[in-house]
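Written below as structure tokens is the structure these notes are about.
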Amino acid sequence: MNYWLMKSEPNAFGIDDLEKMPNQTEHWDGVRNYQARNMMRDDMKVGDQVFFYHSNCDVPGIVGLMEVVREGYPDHTAFDPQCKYFDPKSDPQNPRWIMVDIKYIKHTKRVISLAELKKCGALENMPLVRKGNRLSILPVTDQEWNTILKMEG
DNA sequence: GCCAACGTTGGC
DNA sequence: GCCAACGTTGGC
């Protein structure tokens, strides 16, 4: 089983929104970055565990746990001209963008803030804590996963 | 709101 | 294929 971290802006779609979805499940649409797409297409498997990370907000950090419940399939929002994620270059016969379905597991007991993650020596190799990182989906190692769960307290 | 870092685009 | 210009991300 693999571990991941996925970012979302709570203003747009936060963990509280995911919790309220039918079956507490939602498709993770709108990813328009090739590296992130490739991970969803090739590497994310049903049962993989995922940290939900709030970005671009008062206290950026990890706010909960989720799991992959459906593996990569075409992101239909790329075909809809009314949608802000519309991409005219994505051909329905040969979709350019991919999404997975994600299910809510729980909130962490508290927000594990980016500031705190940065202070943890065991996490210094995580791309997340590196300056300028913009990838919205990141692989997490077993050690990093366990370290972060321990930080939750 | 600022701005550094990064990815993408497109001219050549 | 290079690289400047541009747009976006996201912390602060």
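All chains are named by letter (A, B, ...) in the order of the sequence lines, taking the proteins before the strands, and each is independently numbered beginning at 1. Computed from a prediction, not measured in an experiment: that's the story for all the values here. These numbers come from the heavy atoms of this one structure, side chains and all, not from hydrogens, waters or symmetry mates.
- Judged by distance alone, with hydrogens and angles left aside, the side-chain atoms of A:Y73 form no donor-acceptor pair with the main-chain N or O of A:H76 at under 3.5 Å.
- One interatomic measurement links the two molecules: CE of A:M126 to C1' of C:dG11, which rounds to 16 Å at whole-angstrom precision.
- Both A:N56 and A:G132 sit near DNA chain B, but only A:N56 has its closest nucleotide nearer the 5' end.
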Pairwise N/O distances under 3.5 Å, protein to nucleotides 8-10 of chain B:
none

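- Spacing between atom NZ of A:K131 and atom C1' of B:dA5 amounts to 8 Å, rounded to whole angstrom units.
- Atom pair A:K84:NZ and C:dG7:C1' shows a separation of 14 Å (rounding to whole Å applied).
- Here the rule is salt bridge (charged side-chain N to carboxylate O under 4.0 Å, His left out) with A:D75, and of A:R41, A:R32, A:R96, A:R37 only A:R32 fits it.
- Note on ring orientation: taking the six-membered ring where Trp is involved, the planes of A:Y3 and A:W145 are parallel (angle under 30°, cut-offs 30° and 60°).
- Ring-plane geometry between A:Y34 and A:W97 is classed as tilted, the angle between the planes lying from 30 to 60 degrees on a 0 to 90 degree scale.
- For the atom pair A:S8 OG and A:F52 CZ, the distance stands at 4.5 Å (nearest 0.5 Å).
- The distance between atom NZ of A:K7 and atom C1' of B:dA5, rounded to the nearest whole Å, is 12 Å.
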Identify all side-chain donor-acceptor contacts of residues 54-66 of chain A below 3.5 Å with residues at least two apart in sequence or on another chain.
| residue | atom | partner | partner atom | Å |
| --- | --- | --- | --- | --- |
| A:H54 | NE2 | A:I15 | N | 3.1 |
| A:N56 | ND2 | A:E9 | OE2 | 3.2 |

